[in-house]
Amino acid sequence: MRKIFYICLFLFLGACASTTQSYLDNVQNNFANAKYEINETPVDKQNNLDLLIDGIALFHTDKYEQSDLRFEEFNKRNLHETSTSISREAAGLLLGGGVNSYKPYMMDSLFVSYYQIWDLLAMHDWANARVVINQSYARQQNMSIEYKKMIEENKNKISSNTEINQLIDKNTADWVVFSDIMNPALMYLSGIYFLNDGDFDNAITYLKRASGMMPENTFIKQDLEYAQKRIAPKNTTWHFIDSGFAPRLREQNTGIFLPNIGMVYFSFSEPYLNNDSGVIKSAQLLANVDAMFMTEYREYQTNEILRSFTSAASKATLQATMYNSGSDSAPILGILSSIYTVASSNTDVRTWATLPKYIYVLRETKSSDSKNNLIYTRIINGKITDNKTINLK
C-alpha cells in the first residue's frame, strides 16, 4: 500500500514540473515559427522570466523601445544581485526554491545587456548603448569574483558526502564548461561599437577580452589589429547569427539508501541539450551558449542536489518516526508526512528558454563604398525567423 502511495505522489510531483516544461516547450515552438505572444500584464507586475521572454520577443518584432523597457525593468530589479547564487539558494527551501518568482542566472543578466545593446543600436541611441556597455563590463567583473567564491563553497560542501559527490560527478562528466562566467558575444559587440566610434582604447580592452574568450576566432583578432593600429574599418559588415536553442531543464528523481531510514527519494533538475540548426557558410563560432549555461548551472546543481537531499533526508526521518510511533494515528501521520516530503521537493525547471544554442559571426568587407553595418539573424530548425540590418555611424 505504501509503495503504491509513493508512486502516486511522485507521479503528482512529476506532473507539476511537466506543467512548467510544457509551457516553455510551447514558448520555444512559438519562437521557432516566429509567433510571439506578448504578456499583457503591466511591465512592473511581470515576473523576471516574463520580462526576459517578452523582451526578446519584442526585439524580434522590431519593437525596440518596448523591448528595452522590459530589460530595463529586469535590470532595475537585479542590477546589484551580482551573486545570484545567494538569491537563488535563499529563495525558500520549500516548493522548489521559489515557485512564485524566477531567480535569474548570472548568464541571464549578461544576455540582457547583449540584447539591450542591439535594441539601442537599432534605435541609433549611441549614448545609452555606451552606458549599457559600461554597466555590463562592471557586472561581468563582479560576477567573476562571486563565481569563484561559489566554486570554493561548493567544494567544501560536497567533500564529506561521497555518494552525493559521485552523483554530481556523474551528471557533469560530459559537460563542456568554461573556467569563468563570460559572454564573448557581449564583449565582441561592445568592441565593435567602440571601434566604430573611434574610441580605440576601449575597443582594445573589449576586443582583447573577446579574443581571450574565443582564441580561435580570426574575425575578433582582425578587429583587434585595427584597434591597436588605431584605424576604424571601412565598408565592413559584421553578421551575428543566433542559432538553435540553449539547454532546457528536465526534472529527475533518484534515491539514496540511508541506514535505519531506508531509501531517501529526492528530485533535481538536469539539462536537456537541443540540436543545432544550421549556420551561414564561413561564419565562425562566437559564443557557445550551451557551455556558458553549463558553467554556471554545474555549481547551482551542486547546491540544488545537496539542498534537495538534505531536505528529503530530514523529512524521511520524520516520516519514519511517524510510521513507527505505535499510536493509533500513526498511519495517517505517516501519510501526511509523506505528502509533505514529496510536495516540498518540487524542482524548479525554469530557464530563459529562448536563448540560442550558439552565436556565430561572419565579418565581410563590402565592395562598394558605404557605411559599416551590423546584421542580426536568428536561425531555428534551419529557418531564418528574424533578419535585421543596422547601419553604424
Side-chain angles (χ1 to χ4, degrees), residues 15-81 84 86-92 94-120 122-123 125 128 131-132 135-136 139 242 245-251 269 293 300 343 346-356 376 378 380 385-386 388:
C16 294
S18 295
T19 300
T20 301
Q21 291 169 188
S22 296
Y23 163 69
L24 291 177
D25 284 343
N26 184 60
V27 168
Q28 282 191 342
N29 288 334
N30 283 340
F31 269 67
N33 293 291
K35 296 179 180 178
Y36 309 106
E37 298 178 2
I38 307 302
N39 196 318
E40 297 300 326
T41 306
V43 173
D44 62 343
K45 303 297 182 184
Q46 292 184 22
N47 66 47
N48 282 327
L49 189 55
D50 287 338
L51 289 171
L52 296 175
I53 293 174
D54 274 9
I56 195 63
L58 289 163
F59 168 72
H60 286 314
T61 54
D62 301 339
K63 297 176 181 176
Y64 306 118
E65 188 172 355
Q66 294 179 47
S67 172
D68 180 59
L69 180 64
R70 264 68 171 184
F71 291 142
E72 270 302 291
E73 177 65 25
F74 178 92
N75 283 333
K76 185 171 70 175
R77 298 179 191 179
N78 303 287
L79 185 60
H80 301 294
E81 292 186 14
T84 54
I86 295 174
S87 63
R88 288 175 65 85
E89 297 309 313
L94 301 180
L95 299 175
V99 163
N100 295 323
S101 61
Y102 171 72
K103 301 301 175 183
Y105 291 83
M106 296 185 197
M107 188 182 80
D108 291 350
S109 295
L110 297 180
F111 269 101
V112 163
S113 296
Y114 175 69
Y115 288 113
Q116 199 170 17
I117 292 169
W118 278 105
D119 277 330
L120 294 166
M123 292 189 288
D125 189 347
N128 278 320
V131 171
V132 171
Q135 288 175 342
S136 69
R139 177 180 287 186
D242 284 6
F245 281 122
R248 285 285 321 285
L249 296 180
R250 298 287 186 263
E251 185 176 69
S269 58
F293 179 83
Y300 288 139
N346 196 13
T347 301
D348 195 345
V349 294
R350 291 171 293 180
T351 61
W352 188 356
T354 57
L355 288 176
Y376 172 87
R378 184 74 166 100
I380 304 174
T385 59
D386 189 13
K388 55 183 96 248

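Computed from heavy atoms alone, side chains included, the values below leave out hydrogens, waters and symmetry copies.
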Quick check: closest heavy atoms across Pro104 and Phe74, and the distance to 0.1 Å?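 In terms of heavy atoms, the two residues are closest at CB-CZ, 3.6 Å.
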Quick check: closest heavy atoms across Met107 and Leu355, and the distance to 0.1 Å?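 Closest pair (atom of Met107, atom of Leu355, distance): CE-CD1, 3.7 Å.
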Are the side chains of [Y] and [X] in contact, using a 4.5 Å heavy-atom criterion?
{"X": "Ile38", "Y": "Lys63", "answer": "no"}
{"X": "Ile56", "Y": "Phe111", "answer": "no"}
{"X": "Arg70", "Y": "Tyr115", "answer": "no"}
{"X": "Leu69", "Y": "Leu58", "answer": "no"}
{"X": "Lys388", "Y": "Asp62", "answer": "yes"}
{"X": "Val112", "Y": "Trp352", "answer": "yes"}
{"X": "Phe293", "Y": "Thr351", "answer": "yes"}

Using only heavy-atom distances, determine whether the side chains of Asn75 and Gln116 contain a donor-acceptor pair under 3.5 Å.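 The answer is yes; a qualifying pair exists.
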So, Tyr376 and Asp242: side-chain donor and acceptor under 3.5 Å apart, yes or no?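 A donor-acceptor contact under 3.5 Å links the two side chains.
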Take Asp68 and Asp125 through the side chain to side chain contact (heavy atoms under 4.5 Å, CB included) test and state the conclusion after the steps. CA-CA 11 Å; Asp68 180 59; Asp125 189 347; over 6 Å; no
Angle between ring planes, Tyr102 versus Tyr105, binned at 30° and 60°: parallel, tilted or perpendicular?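 Because their plane-to-plane angle lies in the 30° to 60° range, the rings of Tyr102 and Tyr105 count as tilted.
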When rounded to the nearest 0.5 angstrom, what is the spacing between [atom1] in [X] and [atom2] in [Y]?
{"X": "Phe71", "Y": "Tyr64", "atom1": "CZ", "atom2": "OH", "value": "12.5 Å"}
{"X": "Ser67", "Y": "Leu51", "atom1": "OG", "atom2": "CG", "value": "10.5 Å"}
{"X": "Asp119", "Y": "Gln66", "atom1": "CG", "atom2": "CD", "value": "10.5 Å"}
{"X": "Arg139", "Y": "Ser113", "atom1": "CZ", "atom2": "OG", "value": "5.0 Å"}
{"X": "Ile53", "Y": "Asn48", "atom1": "CD1", "atom2": "CG", "value": "11.5 Å"}
{"X": "Thr354", "Y": "Phe245", "atom1": "OG1", "atom2": "CZ", "value": "7.0 Å"}

Are any side-chain N or O atoms of Asn47 and backbone N or O atoms of Asp50, one a donor and one an acceptor, separated by less than 3.5 Å?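 Side chain of Asn47 to backbone of Asp50: a pair is present.
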Any donor and acceptor pair, going by atom type alone, linking the side chain of Asp386 with main-chain N or O of Arg378 inside 3.5 Å?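 Side chain of Asp386 to backbone of Arg378, a donor-acceptor pair under 3.5 Å: no, none is there.
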Which donor-acceptor pairs under 3.5 Å do the side chains of residues 26-35 make with protein atoms, sequence neighbours left out?
{"from": "Gln28", "atom 1": "NE2", "to": "Ala353", "atom 2": "O", "distance (Å)": "2.8"}
{"from": "Asn29", "atom 1": "ND2", "to": "Asp25", "atom 2": "O", "distance (Å)": "3.3"}
{"from": "Asn33", "atom 1": "ND2", "to": "Asn29", "atom 2": "O", "distance (Å)": "2.8"}

Salt bridge (Lys or Arg N to Asp or Glu O under 4.0 Å) with Glu73: which residues, sequence neighbours excluded?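 Result, salt bridge (Lys or Arg N to Asp or Glu O under 4.0 Å) vs Glu73: Lys76, Arg77.
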